Amino acid sequence: MQVIQNDKVDIVVVGAGGAGMAAAISAKLSGANVVLVEQLNEIKGNTIKSSAGMNASESKFQSKQNVEDSNECFFQEIYKGGNQTNDKELLKYFVNHSADAIDWLDGLGITLSDLTKTGGMSVNRTHRPADGSAIGQYLVSGLLKKIKELNIPILFQSKAEKLLVKNSKIVGVQIEDNLKEKKKILADCVIVTTGGFGANKVLLQKYAPQLDGIITTNHPGTQGSGIQMIQAIGGAVRDLNQVQIHPTVHQETGILVTEALRGEGALLVNKWGNRFVEELDRRDVVSDAILKLEEPHAYLIFNNKIRKRVPAVSFYEYKKMVYSKGSIKELAQYLKMTENNLKQSVKVWNVPPVSQSVREGATETPMNGGPYFAIKIAPGIHHTMGGVKINIHAEVLNKNGESIKGLYAAGETVGGLHGQNRIGGNAIAETIVFGRTAGDKAAEYSKKKHRVSFEQDSWK
């Protein structure tokens, strides 16, 4: 049986990353006929590369581990982290629905029961898989499994080219399919979840020329196509010049080293072996501190206790990113650091209560005993915080602040939630919270449209 009968569906979701799959699942569970359109030949977006986890407050897993937290605390820390430029209405909705999103994923068999923290957070609210592994692959695999269970079709190698508009309402999308043929898919509504533009050199040069020459962690498909497609039909945008660089990126591979490593106690030192910044400060602060060094790179230093808490290190070792030595002395010699400096940096961290004041908010895992490890890092372009404007129903807004009927967006396509600085762990939370919302609200819109059409036909 043809999935798209007469090229007409209830909902088209453009972009099969985390937000897109969450939206499609949510819409399908609400009774809508959904199709996903993905320009690549498989799921390769930024979600799958995510490492730290998913932030949420007042969750059941925090309660089980006696972590005291509140939605208000979460709100205030994000608002402070974004330099108080966040969309407060979006932020409040996001925070208040974060624990529900954790429960929703758990109901799909995607359980995020282990807790850590990221820079800018005062408590353990970063949820990740039970074994502490990176969230990306685990999340994507779980969502994709549900997509298949629900028989939601994904049209791979199909690029959305433009939104179809009639009488100021969205009525579908035009794509170029895998045979390079133009095709129109008519729909009651479209959800755009194509991500940001962190791999688009032209847009980066336009909006953030100061970052020219800095490596990107983004997947090549992160081109901002959805943002441009929405702009073309009058959608409003904000904060396109707000591009976040992540402080710990391995320059030779472009692989991001998870913030969870610092959350578990890893130190950042300069080429002389001296600490120079609070490791769990905001990403922009840490990045700026590295770029101001005499030589703009640094080393993450940790031992085997910390390594065991962050399974992603095994992947970094596989990629030959990790240096390992049996003692601090040997590691310092190998890295050509001043031995006493590195010893002192580790010693200060290991002596409580000094460590608690020096490393405010860190998960306290002292580095007592080898072997010791190091990863050389420097900042890299990571997240575009600007994007299209939406309201709390994930409806895309026009330049007058009015919703564009039948058009929704979620994930990194959207701007406003993070303000001028994104807190680690909030991107995955954003994809799920607003992906779910977009799917639910689009399904409601489609049902209402069908009901009105039925009533009109009945009257005739």
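Please read all numbers here as calculations on a predicted model, not as lab measurements.
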- prompt: With a 6.0 Å cut-off on ring centres, are Phe434 and Tyr93 close enough?
  reply: yes
query: Would a line drawn from the ring center of His246 to the ring center of His383 be shorter than 6.0 Å?
result: no
Can you tell me if [X] uses its side chain to pair, donor with acceptor, with the backbone of [Y] under 3.5 Å?
X      : Y      : answer
Asn218 : His382 : yes
Lys49  : Thr217 : yes
Asn86  : Lys88  : no
Glu295 : His297 : no
Lys44  : Pro220 : no

Under 4.0 Å between a side-chain nitrogen and a carboxylate oxygen: does that hold for [X] and [Y]?
X      : Y      : value
Glu149 : Lys146 : yes
Lys60  : Asp106 : yes
Arg128 : Asp114 : yes
Lys8   : Asp188 : yes

message: Under the side-chain hydrogen bond (donor to acceptor under 3.5 Å, both in side chains) test against Thr116, which residue among Arg309, His127, Glu264 passes?
response: Glu264
